[in-house]
Amino acid sequence: MQQREEKQLETSIDALITRVAHLKASLQSFIIKLETEYDRLTWPSVLDNFALLSGQLNTINKLLRNEKTPAFRNQVIIPLLLSQDRDEELAKLTEQRVPVFSHEIVPDYLRTKPDPEVEEQEKQLNTEAARMGTDVAQKQIQALNKLCTNLLEKLNNPREDRESENAAIRQNKPTFNPADTNALVAAVVFGKGLSNRRPQGSGGSVPPGQTVGGAGPMLSGGPTLQQVTMPGAPNQQVAMGPQVPNQPGQPGKMPSSIKTNIKSASMHPYPR
Amino acid sequence: MEAPPVTVLPVSGGTINMMEYLLQGSVLDQSLESLLHRLRGLCDNMEPDTFVDHEMVFLLKGQQGSPFILRARHSLDRPNAPWHLRYLGQPEVGDKSRHALVRNCVDVAVSHNLTEFLSEMGFRMDHEFVAKGHIFRKGALKVVVCKLYRLLLPGNTESTENLSLSNLVELSMLAPAGQDTVSDDMRNFAEQLKPLVHLEKIDPKRLM
Amino acid sequence: MLLTFLFFPIFKWLQCVTVPVAEGKSVQQTVEMLNKKLEQLGAVKQGNFYVDCETYHAGAPAIANSGQSQKFLYVMHNSEAPLSCFALFENGPCLVADPNFDVLMVKLKSYFQNAKGNKVESRGARYQYCDFLVKLGTITMGSSARGISVEVEYCPCIVANDSWNLMMEFMQSFLSSHVPGAPAVFGVKPDGIYSPSDTMVQYLELFNKVRKQQATPSTGMR
């Protein structure tokens with residue numbers, strides 16, 4: 001009986017030692033990675049490291065919870081001999097972390113009770129918990145449980161449910177404007193709104209539907225890329241320079257989303 | 001673009017064609033910071049490069065209907081860098097399942113007398129603009145976030161004016177013709193930028 | 001066969017001189033002779049070199065600006081600058097570009113036609129003698145040898161004025177009586193800093209002279 005217990009103890013301690021060694025190795029490599037490759041790290045690889053560590057911690061927990069593992073707290077370690085001399089065996093066993101089995105290290109390594117301050121705090125928490133009535137406690141437990149289950153549900157459910165919620169939340173804060181996208185792309189590709197040689201007009205409102213139709217980029221009289229629109233002033237809202245962008249498919253609609261610093265139509269940078 | 005072309009290939013009669021795969025979108029000024037933060041996390045971890053470039057677009061009128069377009073770009077904040085000449089072909093049509101705009105692309109680094117040379121060749125400048133922003137890289141993928149400015153006086157890059165309240169976001173990659181996995185990679189990356197920016201294939205003909 | 005010389009004082013300045021060859025010598029033999037002379041002087045052969053020049057002319061008259069005569073665009077390569085491509089107009093600007101420029105010219109082929117028959121090349125040996133680099137090449141157009149190019153480069157100096165005399169002396173030592181006067185480009189920027197485009201401009205001048213010789217039949221000299 002004795003032997004079996006002893007054997008169990010030994011195997012479980014060995015298993016624990018190997019698992020802890022793995023954990024230590026991965027921590028070490030992670031630290032080295034952070035110290036030397038910090039400028040090349042990507043967030044996904046850091047997340048991988050954390051996932052690895054959490055996996056290893058999980059296996060250690062499972063090991064400890066295993067029914068084959070004897071309760072370690074039933075074992076007592078009593079120092080039999082303390083000396084100030086360096087013990088080579090011990091040093092080798094602990095990879096040079098504990099070279100001397102002396103009076104300094106014993107209180108730390110063989111500690112079984114928490115620090116006095118921690119003990120105080122624990123006592124306080126215990127008295128407070130005892131003071132609280134059972135139904136109050138019950139209610140708090142239920143609230144916590146509910147929050148946890150809600151969260152788990154949200155995390156486990158398929159994405160579509162979530163996205164509709166998110167879309168609703170984000171409606172108020174648009175981060176991009178598709179009309180702007182089109183205007184910028186047009187500017188880069190054909191220089192819409194950029195050409196310096198367009199004759200500009202001012203005064204009077206622009207009938208937005210009057211554009212020269214067709215898709216050819218060539219104008220009579222000069223190689224330019226833009227279509228000509230009836231020269232006119234920018235409308236009340238828009239002030240994208242004196243140029244009115246084309247909207248061949250929507251004759252009635254003015255581009256309303258492009259705003260620039262020029263507010264008044266009288267500030268023409270181009271000669272008439 | 002201030003960054004040099006991704007590859008310089010030996011020439012063999014134009015048989016090697018580099019294609020540019022492109023996705024474009026925009027982001028409003030107020031959301032620019034969040035986009036930059038996200039890009040800093042997603043892209044290769046180097047100091048994000050800022051640039052100020054002046055680009056001029058030159059046309060050569062020929063017998064055919066459409067003129068030949070060349071884009072000359074030079075850096076305003078790194079004046080010693082070589083000028084960059086770029087030819088972009090018509091976007092390839094047909095494959096609707098391809099997620100990015102694909103067009104033929106030739107990049108040449110040139111000396112500083114480019115404008116003089118181009119006018120000697122017969123090119124005339126059509127329009128110009130100044131682009132100012134950031135450039136990020138992820139492997140061979142290049143992400144550019146920039147603001148476009150119009151020049152108030154031709155040739156004068158000091159007096160410029162904002163073109164809109166948005167910044168242009170472009171995701172591009174250069175690859176030899178025929179590599180279609182490129183557009184899938186680009187789309188996966190673009191997914192990670194949603195919903196901040198919606199990067200898509202914008203057909204320039206639609207905007208004309 | 002006429003002998004044509006190019007001289008490049010100071011990191012390449014060139015001058016074009018046509019000199020009659022000695023009786024009974026072919027181009028190849030003259031080149032051999034010069035090579036031997038250089039080796040006797042103590043120059044060390046360091047591989048080969050080549051310079052080539054292709055001519056493009058604007059395809060349609062509509063392109064030539066306002067009725068001017070057709071312009072020729074020359075695209076040149078130099079083994080001394082293997083990752084560069086030089087594009088120039090005669091008496092016009094010289095653009096230094098990377099090799100992709102050739103790809104661009106292919107794209108421009110409907111606007112600029114390549115006159116393939118006009119391609120001129122110079123190939124030969126590259127010698128180093130102390131601070132001098134001497135390149136002796138045979139100029140060929142198509143498959144016929146048209147002349148000899150001699151390029152002399154004085155590496156330490158980059159300002160034309162300062163080393164012309166030194167170069168003259170050096171050239172006299174192996175070219176004896178064929179040393180030319182100061183090159184024409186010399187006058188243009190006597191105190192200017194050398195750049196590789198200056199070399200190419202000189203080569204272009206030389207090649208154009210060689211091309212013009214095509215019209216005149218051989219004068220009976222070999």
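A quick note: this is a predicted structure, and the numbers were derived from the prediction, not measured. Lettering of chains follows the sequences in order, A, B, ..., and the numbering in each one begins at 1.
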Residues that B:K132 engages under salt bridge (Lys or Arg N to Asp or Glu O under 4.0 Å), provided they are two or more places apart: none
Residue part contacting chain A, namely of B:D29, when any heavy atom lies under 4.5 Å: neither
Region of B:I202 that comes under 4.5 Å of a non-hydrogen atom in chain A: side chain
Contacts of type salt bridge (Lys or Arg N to Asp or Glu O under 4.0 Å), residue A:D48, not counting sequence neighbours: none
Parallel, tilted or perpendicular: ring planes of B:F123 versus B:F58, cut at 30 and 60 degrees: perpendicular
Proximity breakdown for B:V197 and chain A, heavy-atom pairs closer than 4.5 Å: backbone
Plane angle bin for A:F176 and B:H198 - parallel if under 30°, tilted between 30 and 60°, otherwise perpendicular: parallel
